[in-house]
Structure formats: structure tokens, C-alpha cells
Amino acid sequence: MDKDYIIIGEYIRMLRNRKGMTQAELAEMTDLTDGYISRVERGQKQIGMQAFLRILQVLGSGIEGLVTATQKESGQMDIFLNRCKVIMADCSDTEKKLLVDMLESMKDVIRGNQYEIHQSVENISQQIS
């Protein structure tokens, strides 16, 4: 799925959580299904503009918040990429390949334990910003 839809889904989830709402409550208030909300939040469903605007209205937010969140995400990615460049600056090609392979393996482990590390990732993100 397109990275933009993942960012949109994460933004909706963040807003919903801030309001203390469940997916079912949001779905009921927007005339959508909780399954639809779940797939959108996970970036597995492309959300239509009308549905997106209804969700934002119920959550008391606007598109400008998404733009800010997207810009912040882009800035954080630049920071991460620059850190990787610094770390790998003095590595041989073999070491670089090994580090990339390890990173991919770690990603798989992290995604398998997503719930447990969610708080850690949020803490790290807050420290960076």
C-alpha cells in the first residue's frame, strides 16, 4: 500500500486515540464500519475524500494537521537517514551489506512484536522531535 495511506491511517488512529474513542464508536459516528476504520488505520485501505473529511470532522481536526504530521515524518526520516550515513561512513561494502541485512531482520522481529514496542517507538520519536 502507498506510504501516504499509511500516514493517513496513523494520523486518524492518533486523533481517535486522543479523543479516547474506539474504532466502533468512530465508525458509528461517521456511518462507516469498524472494519473499514481498522483497515484505513493500518494503511490497508485507500480512504475516499468524503469518508476522510467525515472522520476529521468527528475527530475535530482538519487536513492541515495531516500536512504538519507528514512534514514532521519527512523530517524525522531525514534525521534517520543521516544517522545511518554517519554510522556506515567508515564501513566496508561487506559491513554495509551485513548491517542492512541485520536491519531487515530486526524489522521483521519488531513487526512481529508491534504491540510491545509501540511505546518504545513513540518515546524515541518524541526524543528526536
Side-chain angles (χ1 to χ4, degrees):
M1 184 61 63
D2 189 334
K3 184 175 175 19
D4 291 338
Y5 289 104
I6 294 170
I7 292 170
I8 289 170
E10 290 172 352
Y11 180 64
I12 291 171
R13 180 184 302 118
M14 178 197 67
L15 293 174
R16 180 181 58 76
N17 287 334
R18 282 186 183 168
K19 290 281 188 183
M21 296 175 70
T22 65
Q23 290 176 342
E25 290 168 334
L26 178 59
E28 184 177 331
M29 295 177 76
T30 56
D31 294 323
L32 301 167
T33 67
D34 54 339
Y36 179 85
I37 298 292
S38 175
R39 288 189 306 279
V40 166
E41 287 186 357
R42 291 190 319 262
Q44 296 177 340
K45 176 77 176 158
Q46 294 181 359
I47 187 169
M49 185 58 76
Q50 286 183 332
F52 184 49
L53 293 176
R54 281 198 318 258
I55 288 171
L56 290 179
Q57 183 178 21
V58 166
L59 295 175
S61 186
I63 292 179
E64 64 280 351
L66 175 62
V67 172
T68 302
T70 303
Q71 289 172 340
K72 185 176 180 181
E73 168 112 0
S74 176
Q76 288 176 343
M77 183 55 70
D78 290 342
I79 291 169
F80 294 139
L81 291 174
N82 286 334
R83 286 181 67 197
C84 287
K85 286 179 185 177
V86 169
I87 291 168
M88 293 184 159
D90 63 345
C91 292
S92 69
D93 288 344
T94 303
E95 291 170 326
K96 288 176 185 176
K97 179 170 179 0
L98 180 60
L99 286 169
V100 169
D101 290 347
M102 289 170 59
L103 184 60
E104 287 176 345
S105 295
M106 289 170 52
K107 178 180 128 182
D108 292 340
V109 169
I110 288 169
R111 287 195 172 166
N113 299 303
Q114 226 169 359
Y115 180 77
E116 290 82 8
I117 63 152
H118 180 72
Q119 287 302 108
S120 296
V121 171
E122 281 188 3
N123 291 339
I124 291 168
S125 295
Q126 289 173 355
Q127 291 173 0
I128 290 172
S129 32

### Query
Which atom pair, heavy atoms only, marks the closest approach of Tyr36 to Gln46?
OH-O, 4.0 Å

#### Entry: Minimum-distance pair of heavy atoms, taken over all atoms of Ala27 and Thr33
CB-C, 3.4 Å

### Query
Can you find a heavy atom in the side chain of Leu103 that is under 4.5 Å from one in the side chain of Leu99?
no

### Message
Counting only heavy atoms not in Arg42 (residues, nucleotides, ligands), do more than 12 fall under 6.0 Å from its CZ?
### Response
yes

### Task
Decide yes or no for Leu15 and Leu56: does some side-chain heavy atom of the first lie under 4.5 Å from some side-chain heavy atom of the second?
yes

#### Entry: Glu41 vs Arg16, salt bridge (charged side-chain N to carboxylate O under 4.0 Å, His left out): CA-CA, chis, key distance, verdict
CA-CA 10 Å; Glu41 287 186 357; Arg16 180 181 58 76; 2.6 Å; yes

### Message
Show, in sequence, the C-alpha distance, side-chain angles and deciding distance for Lys97 and Asp93, and conclude whether the salt bridge (charged side-chain N to carboxylate O under 4.0 Å, His left out) test is met.
### Response
CA-CA 6 Å; Lys97 179 170 179 0; Asp93 288 344; over 6 Å; no

### Query
Where the side chain of Arg18 meets the backbone of Met14, is there a donor-acceptor pair that is under 3.5 Å apart?
no

### Message
When you group the ILVMFWY residues by side-chain heavy-atom contacts below 4.5 Å and let the links chain together, are Met88 and Met102 in the same group?
### Response
no

#### Entry: Minimum side-chain heavy-atom gap Glu25-Lys19 below 4.5 Å
no

### Task
Mind checking the NZ-OH spacing from Lys45 to Tyr5? Nearest 0.5 Å is all I need.
10.0 Å

### Task
Answer yes or no: is there a side-chain heavy-atom contact under 4.5 Å between Val100 and Glu104?
yes

### Message
Please determine whether the number of non-hydrogen atoms from other residues, nucleotides or ligands lying under 6.0 Å from atom CD of Glu95 exceeds 12.
### Response
yes

### Query
Is any side-chain heavy atom of Arg54 closer than 4.5 Å to a side-chain heavy atom of Leu32?
yes

### Query
In the single-linkage hydrophobic clustering (I, L, V, M, F, W, Y; side-chain heavy atoms under 4.5 Å), do Met106 and Ile87 co-cluster?
no

## Note on the structure
Interatomic distance, NZ@Lys96 vs CG@Asp90, rounded to 0.5 Å, equals 9.0 Å

### Task
Mind checking the CG-CG spacing from Leu59 to Asn17? Nearest 0.5 Å is all I need.
10.0 Å

### Message
Between Ser38 (side chain only) and Asp34 (backbone N and O only), is there a donor and an acceptor less than 3.5 Å apart?
### Response
no

